[in-house]
Amino acid sequence: MPATSSPLVAHLNEAQQRAVTLPAQHALILAGAGSGKTRVLTTRIAWLLSQGDCSPANILAVTFTNKAAKEMVARLTAMLPINTRGMWIGTFHGLCNRLLRAHHRDAGLPQLFQILDSADQLAAIKRLLKTLNIDDEKFPPRELQHFINAQKEAGLRPEAVEAWDDYTKRRVELYREYEAQCQRESVVDFAELLLRCYELLERNEPVRRHYQGRFRHILVDEFQDTNVLQYRWLKLLAGGEPPASLFCVGDDDQSIYAFRGAEVGNMRDFEREFHIQEVIRLEQNYRSHGNILDAANAIIRNNAGRLGKNLWTESGAGEPIRIFEAFEDKDEARWIVDEVQQLVREGALRADIALLYRSNAQSRVLEHALFSAGIPYRVYGGLRFFERQEIKHALAYLRLIANPDDDTAFARVVNFPTRGIGARSVEALQEAARTWNTSLYAAVPHLSGKPGTSLGHFVRLVENLRRDTAKLQLPELVDHVLDASGLRAHYQAEREGRERLENLDELIAAAANFVAEAQADTDALAADHALLADFLAHASLEAGEHQADQGMDAVQLMTVHAAKGLEFDAVFLSGLEEGLFPHENSIQDPDGLEEERRLMYVAVTRARKRLYISFAQSRMLHGQTRYHPRSRFLEEIPEGLTRWLTPQHPRSFAQESSRGFYQPPRGAFSSRAATPPAPKSTQELPGGLRIGQLVAHARFGKGVIIAAEGSGSDARVQINFGDAGVKWLLLGVAKLEPC
DNA sequence: GGTTCGACTATTTTT
DNA sequence: TAGTCGAACC
């Protein structure tokens, strides 16, 4: 049967069909925003299976987020009558966890090893520094955490890190100590999951051969987001004899995670190293109207070194992009709220409207305006379920049941709820643990004298928990721990404890849910508390939903990063100002600026029908009023695509000079040095002057008009005379010559 | 052992 | 401005 006549691919466009029906070979699919990427990925799997020469067990599909993995499974289940159970579909971390559990001995880990999330890792590092008596001013824990993760993500163990200066040498030493601590405590951080798994496959030939033989087709989602180690991991798995087919889908233009190690260069490397003959481009967009796509294309064209791609659509041009200039951030927010209300009056669903911004701090003004207007809204970001304090406490007790040597968990709850074990006792215990080279838990018997008693109680509590829960089902186990640990009583006594108690109950529900899903899967439980360990891994690997009432029809607020992969009928993109978007920390560096531009590209392509872009002349930031010129990205949108809702002022001094030859000094965006707002009342200044104009003054020399206010005989302008400083001059008094 | 006060800091974030 | 964190204090 010819490929195109198969019902599986009949509804796909030509490029999609080509991608889906490729023979078993390596492939790179450049999938533009809204081009049906997930559809291609899932249909490809279905296609492979329908061809009859591979079984579900031969498929490995890798994603970055649990959400993406779940969606893939859901779509596949809808598409295929078969069960997806034999397939390995999951996140890099989830799959590595699975491999490490299955081969824990070969990987040098106990079966019930625990997974540290970022917060746990940071706590572990702080504890390490304390034990080693190291000044955390000189080695800031966060920075050290970043250093360690960066090494691991580059595939480097301490002995492989090149260190020339003393500072780096010292950090490498701490990396080594940190590793030893983790090993002692049987815990593994996120980066370690990947590195350990990579090393397992690399060093253990039978294991490697087994998986290389099993996975005939490896499919990768969001390939542009892979880091060095993830790419190596993929190469290793695909590098059997015969090799598996690597099917990578990605979009270099949507690479916005370089700051956390993503390596866009992997796409080029893949193309070269795997001799990809033909990169398939999915350029037909099914999401946005033409004007929006044209704007996105025009913006991203300013980036160098792209793999190249141009989005197009069959739907019409649609509406122009609306641009609004506000006096200050509050006005911007008010205007957005007015427009939102108008849209809702016209019948739009609030949930189809998104308010996007570059950084979280910007949400405050918007929330305030929405709240005042009584519009329901939902903010993405912030604490997630498994990151909540009370949940973390409960999990710490559960972790001690699974593994009492988990010092992070031990330290977290040894005195919570308080049971008279103060900092002194813990310090003494840490000292003992160090001398005897044991975990905190195991060090308790070594302590003699008075501090032993309350610590002894705690150890007995953990022992009892282990014993009493051995025969319990997971939800009952959790329930028992909440009571026996005193957590429930603690929050019951607390005034504001109501919500926390509800969350604890929610944890029991989550456990029940987990058991139900685990039973649906085949995996039988082997050791005691094995299911508990699985549940704990699940809690670490999947921090859960981003809060909030989902049911309600609410306007969606989020950062541009968080919006990646989502789409909305109407998108408001606010704060399009130099220093904010592009962010000032990225402006100096060409690569940073290109990543900001990709971020802008992502933002624009979120909109289906209507896109609003706004900026404010002044904005409250860090307790200071700051004046930012409008973003250069606005200038990159062709004029024919936009409609200014406010008069379009020419770009001012700072705007012109911030690009090209003149780099403003650092801090140029602070209130002192930059451009105050041009008041609406004096947009056209007397005498044919305008903001941004170069003028000459008899005493101060040449300068640029950067602001104006007042009218009539009161009209004043602010001029930046360079060396002579910034002055306010009365137009009626000062003699200014345009030049 | 818990509270309060002042200093400090301030993109983007999944696993 | 506002939120977090650590140290001093009760």
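Everything numeric in this text was worked out from a predicted model, so none of it was measured. Labels below follow one simple rule: chain letters A, B, ... track the order of the sequence lines, proteins then strands, and each chain is numbered from 1.
A donor-acceptor contact under 3.5 Å links the side chain of A:S118 to the base of B:dT15.
Where A:I421 and A:S540 each meet DNA chain B at their nearest nucleotide, the meeting point lying more 5' is that of A:I421. When each of A:F190 and A:R419 is assigned the nucleotide of DNA chain B with its nearest heavy atom, A:R419 is the one assigned upstream, toward the 5' end.
The residue A:F64 sits close only to the backbone: its heavy atoms come under 4.0 Å of sugar-phosphate atoms, none of a base. When heavy atoms are screened at a 4.0 angstrom cut-off, A:N66 is found touching the sugar-phosphate backbone but no base atom.
Contact annotation: A:T91 does not reach the phosphate of B:dT14 (side-chain N/O to OP1 or OP2, under 4.0 Å). Taking only side-chain nitrogens and oxygens, A:N360 comes nearer than 4.0 Å to OP1 or OP2 of B:dT13. The phosphate of C:dT1 (OP1 or OP2) has no side-chain N or O of A:R619 nearer than 4.0 angstrom.
For the pair A:R488 and A:Y491, the NZ or CZ position fails the cation-pi test of under 6.0 Å to the six-membered ring centre and within 45 degrees of the ring normal.
With C:dG6, B:dT11, B:dT13 as the choices, the nucleotide that has an atom nearest any side-chain atom of A:S586 turns out to be B:dT11. Each of B:dT15, B:dT11, B:dT13 was ranked by its minimum atom distance to the side chain of A:Y257; first place goes to B:dT13.
Remark: ring of A:H561 not stacked against base of B:dT12; the cut-offs of centroid gap under 5.5 Å and plane tilt under 30° are not jointly satisfied.
Straight-line distance from the CD atom of A:E143 to the P atom of B:dT9: 15 Å, rounded to whole Å.
As rounded to the nearest Å, B:dT12 and C:dC5 have C1' atoms that lie 23 Å from one another.
A:S574 pairs with exactly one of A:D329, A:L366, A:L355 by the side chain to side chain contact (heavy atoms under 4.5 Å, CB included) rule, that one being A:L366.
Between A:D225 and A:R260 no salt bridge is recorded (no basic side-chain N to carboxylate O distance below 4.0 Å).
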